[in-house]
Asks: 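The following block contains the structure, expressed as structure tokens.
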Amino acid sequence: MYRIHKSSNFVNIEIDCNLSLEFFPDLKKTSFFESTVPRKFLLKACNKTKEINQAQVIISATMNCLQTKPKVLFCANKDDLIKYTIKYEDRYDICPVNVFEFKPLDFELPKFDVEHVFFSSKRAFDFFVKKAGMSFLCNKKISSVGKQTADYIKSYGFSVEHPQIYRSSELDLKRALVVCPKEHGLYDPKAIVLEVYQTLKSTDIDYYTYTCDFDYALLTSPMSFEYLRNAGFKDYFKRVKKNIICIGTTTQKAVEKFGYSCIIPQEFTIESMFKLLEELN
């Protein structure tokens with residue numbers, strides 16, 4: 001699976017290209033990846049370098065990987081990339097790009113009673129309760145943008161509603177406290193918007209370089225498309241031979257604005273994007 005060789009200067013890890021990401025070790029030390037190593041293994045390295053003489057760990061591949069599985073360009077945040085690459089790497093040759101990093105924002109709670117709290121994502125919930133605490137949500141009506149976020153919040157013991165409407169501007173959020181990222185969409189003008197985190201372009205996005213063509217591309221937000229283009233990878237979309245799959249209508253519109261055709265799943269989740277991928281194959 002992988003072999004470790006230690007010297008006085010560095011550690012060399014030789015891997016089989018077919019090794020599952022699940023069994024690749026988490027690397028804390030500064031790591032250099034040879035060009036033959038599949039980019040998915042970058043996801044397990046906290047500190048990377050492009051200069052081999054600056055590395056404490058050097059990762060090399062012991063064999064060339066002759067993949068016959070569909071190549072899927074997958075643009076998301078690191079947690080989702082690791083989760084879904086491990087889940088689907090037996091069926092697809094996943095080509096991940098770590099697009100996002102998240103920064104908590106300081107915020108103040110409203111000085112008046114709030115009856116309804118709406119969460120735009122699981123991450124919004126996490127950043128909110130880390131500062132405000134779980135007790136703030138007791139005896140409140142809680143709703144979320146979709147089923148996955150609702151199920152996540154329910155796991156903490158809360159009752160949560162999730163409307164079937166995904167467009168934020170169409171939700172009835174009058175007098176609701178909307179907990180969301182700084183780059184939020186349009187909400188009911190009578191809502192109380194509370195920005196609890198900011199989405200930033202990942203500092204290691206330019207490590208995820210590919211010279212191959214892709215069968216499919218998965219885009220998880222308009223910003224994943226924007227950040228990839230701004231990082232100099234806009235030609236990636238020209239190399240998609242079959243379908244670009246967007247997580248929802250907002251992302252679809254952002255992509256189509258630049259002349260690319262794309263499709264969306266029935267439900268606006270990453271899981272549904274992979275289900276659509278299965279149907280296409």
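Atom set for the values below is all heavy atoms of this structure, side chains included, hydrogens, waters and symmetry mates excluded.
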Asks: Go through the steps for E278 and R91 under the test salt bridge (Lys or Arg N to Asp or Glu O under 4.0 Å), then give the verdict.
Replies: CA-CA 9 Å; E278 290 179 34; R91 302 182 209 178; 2.7 Å; yes
Asks: Side chain to side chain contact (heavy atoms under 4.5 Å, CB included) between Y208 and L73: does it pass, once the steps are laid out?
Replies: CA-CA 10 Å; Y208 296 85; L73 177 67; over 6 Å; no
Asks: Are side-chain N/O atoms of T149 and H162 paired as donor and acceptor at under 3.5 Å?
Replies: no
Asks: Give the C-alpha distance, both sets of side-chain angles, the deciding distance and a yes or no for side chain to side chain contact (heavy atoms under 4.5 Å, CB included) between L109 and F128.
Replies: CA-CA 10 Å; L109 293 171; F128 178 81; 3.6 Å; yes
Asks: Does L200 belong to the same Ile/Leu/Val/Met/Phe/Trp/Tyr cluster as F127, with side-chain heavy atoms less than 4.5 Å apart forming each link?
Replies: no
Asks: Is the closest side-chain donor-acceptor distance between S121 and Y197 under 3.5 Å?
Replies: yes
Asks: With no hydrogens and no angle check, do the side chains of S20 and E89 hold a donor and an acceptor under 3.5 Å apart?
Replies: yes
Asks: Nearest 0.5 angstrom please: H116 NE2 to I192 CD1, how far?
Replies: 10.5 Å
Asks: Given the ring of Y210, does R39 sit roughly above its face, with NZ or CZ under 6.0 Å from the centre of the six-membered ring and within 45° of the axis?
Replies: no
Asks: Are N98 and D204 packed together at the side-chain level, in the sense that at least one heavy-atom pair is separated by less than 4.5 angstrom?
Replies: yes
Asks: Going through the checks in order, is the salt bridge (Lys or Arg N to Asp or Glu O under 4.0 Å) test met by K141 and E115?
Replies: CA-CA 6 Å; K141 175 185 175 182; E115 295 181 359; over 6 Å; no
Asks: Evaluate the side chain to side chain contact (heavy atoms under 4.5 Å, CB included) criterion for residues F274 and Y92: first the C-alpha distance (whole Å), next the side-chain angles of each, then the deciding distance (0.1 Å), finally the verdict.
Replies: CA-CA 10 Å; F274 276 97; Y92 308 108; 4.2 Å; yes
Asks: What I'd like to find out is whether the side chain of D26 reaches to under 4.5 Å of the side chain of C46, using heavy atoms alone.
Replies: no
Asks: Please determine whether the number of non-hydrogen atoms from other residues, nucleotides or ligands lying under 6.0 Å from atom CD of Q54 exceeds 12.
Replies: yes
Asks: Measure the CG-SG distance between L81 and C95 for me, rounded to the nearest 0.5 Å.
Replies: 11.5 Å
Asks: Could you tell me whether K131 sits above the aromatic face of F107, with NZ or CZ closer than 6.0 angstrom to the six-membered ring centre and within 45 degrees of the axis?
Replies: yes
Asks: For P25 versus K44, what's the shortest heavy-atom pair and its separation?
Replies: O-CB, 3.6 Å
Asks: Which atom pair, heavy atoms only, marks the closest approach of A124 to V196?
Replies: O-CG2, 3.8 Å
Asks: Find out whether L27 and F33 are in side-chain contact, i.e. whether some heavy atom of one side chain is under 4.5 Å from a heavy atom of the other.
Replies: yes
Asks: Tell me whether V178 shares a hydrophobic cluster with L105, the cluster being built from Ile, Leu, Val, Met, Phe, Trp, Tyr side chains joined at under 4.5 Å.
Replies: no
Asks: For a quick test of reading the model, state the closest non-hydrogen atom pair linking L43 to L21 and the distance between them.
Replies: CD1-CD2, 4.0 Å
Asks: How many angstroms lie between atom CG of N281 and atom NZ of K69, to the nearest 0.5 angstrom?
Replies: 12.5 Å
Asks: Does K122 qualify as a cation-pi partner of Y152, given the criterion of NZ or CZ under 6.0 Å from the six-membered ring centre and within 45 degrees of its axis?
Replies: yes
Asks: Return the orientation label for the F41 and F24 ring planes: parallel under 30°, perpendicular over 60°, tilted otherwise.
Replies: tilted
Asks: Is there a donor-acceptor contact under 3.5 Å from the side chain of S224 to the main chain of S221?
Replies: yes
Asks: Between D215 and V240, what is the shortest heavy-atom contact and its length?
Replies: O-CG1, 3.7 Å
Asks: Can you tell me how far apart OG (S272) and CD1 (I245) are? Round to the nearest 0.5 Å.
Replies: 11.0 Å
Asks: Can we call the ring centroids of F10 and F32 under 6.0 Å apart?
Replies: no
Asks: Hey, what do you get for CD1 (I153) to CZ (F119), rounding to the nearest 0.5 Å?
Replies: 5.5 Å
Asks: Do L218 and L280 sit in the same hydrophobic cluster, where Ile, Leu, Val, Met, Phe, Trp and Tyr count as joined when their side-chain heavy atoms come under 4.5 Å apart?
Replies: yes
Asks: Are any of the side-chain heavy atoms of T199 and F102 separated by less than 4.5 Å?
Replies: yes
Asks: For V193 and C180, work out which heavy atoms get closest and say how close.
Replies: CG1-SG, 3.6 Å
Asks: Does some side-chain heavy atom of K154 sit less than 4.5 Å from a side-chain heavy atom of F158?
Replies: no
Asks: Closer than 3.5 angstrom, by distance alone: can the side chain of S60 be matched with the main-chain N or O of I58 as a donor-acceptor pair?
Replies: no
Asks: Measuring only between side-chain heavy atoms, which start at C-beta, is I13 closer than 4.5 Å to I15?
Replies: yes
Asks: Quick one: do T203 and E101 satisfy side-chain hydrogen bond (donor to acceptor under 3.5 Å, both in side chains)? Show the steps, please.
Replies: CA-CA 8 Å; T203 54; E101 290 179 357; 2.9 Å; yes
Asks: Measuring centre to centre across the rings, with the benzene-like ring taken for any Trp, is Y88 within less than 6.0 Å of F74?
Replies: no
Asks: How close do E271 and Y84 get, heavy atom to heavy atom, and via which atoms?
Replies: OE1-CE2, 3.3 Å
Asks: Please assess D151 against K147 for the test salt bridge (Lys or Arg N to Asp or Glu O under 4.0 Å), listing each intermediate value before the final yes or no.
Replies: CA-CA 6 Å; D151 289 343; K147 185 177 186 302; 2.7 Å; yes
Asks: So L277 and V72, side chain to side chain contact (heavy atoms under 4.5 Å, CB included) or not? Walk me through it.
Replies: CA-CA 9 Å; L277 203 55; V72 180; 3.8 Å; yes
Asks: Under 6.0 Å from the six-membered ring centre of Y236 and within 45° of its axis: does the NZ or CZ of K234 meet both?
Replies: no
Asks: Does a side-chain N-to-carboxylate-O contact under 4.0 Å join K182 and E195?
Replies: no
Asks: Looking at side-chain heavy atoms only, is the closest gap between V179 and S120 below 4.5 Å?
Replies: no
Asks: In sequence, state the C-alpha distance, the side-chain angles, and the governing distance for R239 and D235, and then conclude on salt bridge (Lys or Arg N to Asp or Glu O under 4.0 Å).
Replies: CA-CA 7 Å; R239 291 194 249 145; D235 67 310; 2.9 Å; yes
Asks: Can you confirm whether K50 is buried at NZ, in the sense that more than 12 heavy atoms of other residues, nucleotides or ligands lie under 6.0 Å from that atom?
Replies: yes
Asks: For atom CG of N139, is the number of surrounding heavy atoms from other residues, nucleotides or ligands below 6.0 Å larger than 12?
Replies: no
Asks: Report yes if the distance between the aromatic ring centroids of F237 and F233 is under 6.0 Å, otherwise no.
Replies: no
Asks: Quick one: which of E51, K48, Q56 gives a side-chain contact (heavy atoms from CB on, under 4.5 Å) with T30?
Replies: Q56
Asks: From T251 OG1 over to M273 CE, what is the distance, rounded to the nearest 0.5 angstrom?
Replies: 7.5 Å
Asks: Is the shortest heavy-atom distance from the side chain of S202 to the side chain of V99 under 4.5 Å?
Replies: no
Asks: Starting from I263, can I reach Y216 by hopping between I/L/V/M/F/W/Y residues whose side chains sit under 4.5 Å apart?
Replies: yes
